[in-house]
Amino acid sequence: MITQKIEGLIAAPFTPFNENGTLNLAQIPHYYQSLKNNNVKGGFICGSTGEGVSLTFDEKVEVLKAWAKLTVADPDFILMVLLGGTNIKECIELAKIAEQEGVDAVSFTSPYYFKPADVGQLAKCCAEIAAAAPQTAFYYYHIPVLTGGNFAMLDLLKEVDGKIPNFAGIKYTHEDFMDFLSCMNFGGRKYDMLWGRDENMLSSLVLGAKGAVGSTYNYAAPLYHELIEAFNEGDFERANLLQQKSIDMITLLGKYGGIAVGKSYMRQIGIDCGAFRLPVKNMSVEQYQSFEHDVAQLNFNTFCSKW
């Protein structure tokens, strides 16, 4: 089990697919090595970026095992897996498998079809799932823009504190800095708060965040390493400019259709993860050509991850 708070970048890997839409597990060792080469400290698999909601249970198990095979003997790489957020029984089964395979941490997000009536019900879900993998760290994944689970995370910490022994912290993908800071300070800074908005990293560093989970760390890790370095050195003007560069890069996701654009960035660094599954829209050939032009205008090759 993870016993210390996570520091550094945790990438949220894309799930690689073949042209016919099946899993391309053969790509994962190359992917893992790329993250290692760029000083990324771990992977948060099967999350939003990893299309966990679009994978079958068996596919999640295959992806989990493929990553765990590489990381179980690597003490310098943290493997975290999102179990899901709707079918509690399925999450429990996957948690058991994750623990058997030596995954470092499991995660769960708010149910988004039958939503919990209140934070107490959400805490009960967390407790049941965490108990299925008692020797594995448990992180709640807060992303209300996708789940509709608009609960204050401070209230969740109050509900679970002292009741879930392996509750390690929260992956916080939201813009409520007041709530985030209160969670950081709760219980004498007891819990690990991982920042989840790449475009707002600088603001989280000001509050004291040390660890972050994000999709753009897959292909632009050097940019964020430099941003963190600038902040730690007190060079706030440089940190500001680097955060703006991050924002400019992320703006292209919105311009070209959203989350699937991340796989196009991966192609730019030499790792082909295929296309996103339905219902997500992928770029046309013409759009990709325009995207490549915009990427060149960003001087992406000067701050992207190197394969």
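Counting heavy atoms from C-beta on, the side chains of L79 and D74 never come closer than 4.5 Å. In this structure, C304 and L223 have side chains that are not in contact, with every pair of non-hydrogen atoms separated by 4.5 Å or more. With a 4.5 Å cut-off on side-chain heavy atoms, F300 and I269 count as touching. Residues E237 and L241 have side chains in contact (heavy-atom distance under 4.5 Å, counting atoms from C-beta outward). Using a 4.5 Å cut-off on side-chain heavy atoms (C-beta onward), E233 and R238 make contact. Residues L253 and I259 have side chains not in contact (no heavy-atom distance under 4.5 Å, counting atoms from C-beta outward). Here the side chains of Q243 and L227 are in contact, with some heavy-atom distance below 4.5 Å. Side-chain atoms of L298 and L252, non-hydrogen and from C-beta on, do get closer than 4.5 Å to each other.
Once rounded to the nearest 0.5 Å, the distance linking CD1 of I247 with OG1 of T216 reads 11.0 Å. Note that OG of S264 and CE of M283 are 3.0 Å apart. Values are rounded to the nearest 0.5 Å. A distance of 10.0 Å separates CG in L9 from CG in L35, rounded to the nearest 0.5 Å. A distance of 12.5 Å separates OG of S203 from CZ of R197, quoted to the nearest 0.5 Å. Interatomic distance, M193 CE to N185 CG, rounded to the nearest 0.5 Å: 10.0 Å. Going from atom OG of S204 over to atom CD of E175 covers 12.0 Å, rounded to the nearest 0.5 Å.
Hydrophobic clustering (side-chain heavy atoms under 4.5 Å, transitive across Ile, Leu, Val, Met, Phe, Trp, Tyr) keeps V53 apart from I143.
Under a 3.5 Å cut-off, the side chain of N18 and the backbone N or O of L23 do form a donor-acceptor pair. Under the 3.5 Å distance criterion, the side-chain polar atoms of S34 are left unmatched by any main-chain donor or acceptor of H30. Under the 3.5 Å distance criterion, the side-chain polar atoms of Y32 are left unmatched by any main-chain donor or acceptor of G43. Side-chain N or O atoms of E101 include none that pairs as donor or acceptor with a backbone N or O of L64 at under 3.5 Å. N282 contributes no side-chain N or O that, together with a main-chain N or O of A260, makes up a donor-acceptor pair within less than 3.5 Å. A distance-only check finds no donor-acceptor pair linking the side chain of Q27 to the backbone of P16 [under 3.5 Å]. Between the side chain of D192 and the main chain of A168, no donor-acceptor pair closer than 3.5 Å is present.
Salt bridge status for E99 with K96: absent, with no side-chain N to carboxylate O gap under 4.0 Å.
For the 3.5 Å distance criterion, the side chains of Y224 and S246 qualify, holding a donor opposite an acceptor. N240 and Q244 share no donor-acceptor pair across their side chains, judged by distance under 3.5 Å alone. Side-chain polar atoms of K124 and Q121 form a donor-acceptor pair below 3.5 angstrom. A donor atom on one side chain and an acceptor atom on the other are not found under 3.5 Å apart for N218 and Y265. Defined by atom type and a distance below 3.5 Å, a donor-acceptor pair is missing between the side-chain atoms of D58 and T56. Residues Y217 and N38 bring no donor and acceptor atom of their side chains to less than 3.5 Å of each other.
The aromatic rings of F186 and Y191 lie parallel to each other, with less than 30° between the two planes, well short of the 60° mark. Classified by interplanar angle (parallel below 30°, tilted 30° to 60°, perpendicular above 60°), the ring pair Y172/H174 is tilted.
Contacts classified as side chain to side chain donor-acceptor pair (under 3.5 Å) and involving residues 295-305 (residues at least two apart or in different chains) are not found.
For an aromatic pair to be called close, the ring centres must be under 6.0 Å apart, and Y139 with F44 fails this. Taking the six-membered ring where the residue is Trp, the centroids of F108 and Y141 are separated by 6.0 Å or more. Remark: aromatic rings of F177 and W195 are close, center separation under 6.0 Å.
Other residues, nucleotides and ligands contribute more than 12 heavy atoms inside 6.0 Å of the NZ atom of K36. By the neighbour-count criterion of 12 heavy atoms within 6.0 Å, atom NZ of K5 is densely surrounded, having more than that number from other residues, nucleotides or ligands. For K306, the NZ atom counts as densely surrounded, since its 6.0 Å shell holds more than 12 non-hydrogen atoms of other residues, nucleotides or ligands.
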Between M153 and L157, is the side-chain contact (heavy atoms from CB on, under 4.5 Å) condition met? List the steps.
CA-CA 6 Å; M153 288 296 95; L157 291 183; 5.6 Å; no
Under the side-chain contact (heavy atoms from CB on, under 4.5 Å) criterion, do Y140 and L122 qualify, and how do the steps go?
CA-CA 10 Å; Y140 177 73; L122 180 60; 3.6 Å; yes
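Minimum heavy-atom separation, T147 to K115: O-CE, 3.4 Å. The heavy-atom pair separating E59 from L55 by the smallest distance is OE1-CA, 3.4 Å. The two residues D198 and G214 have their closest heavy-atom pair at OD1-CA, 3.3 Å. Of all heavy-atom pairs between C273 and F14, the closest is SG-CB, 4.2 Å.
By the 6.0 Å and 45° rule, K263 stacks over the aromatic ring of F276. A cation-pi arrangement is absent between R267 and F291 under the rule of less than 6.0 angstrom and at most 45 degrees off the ring axis.
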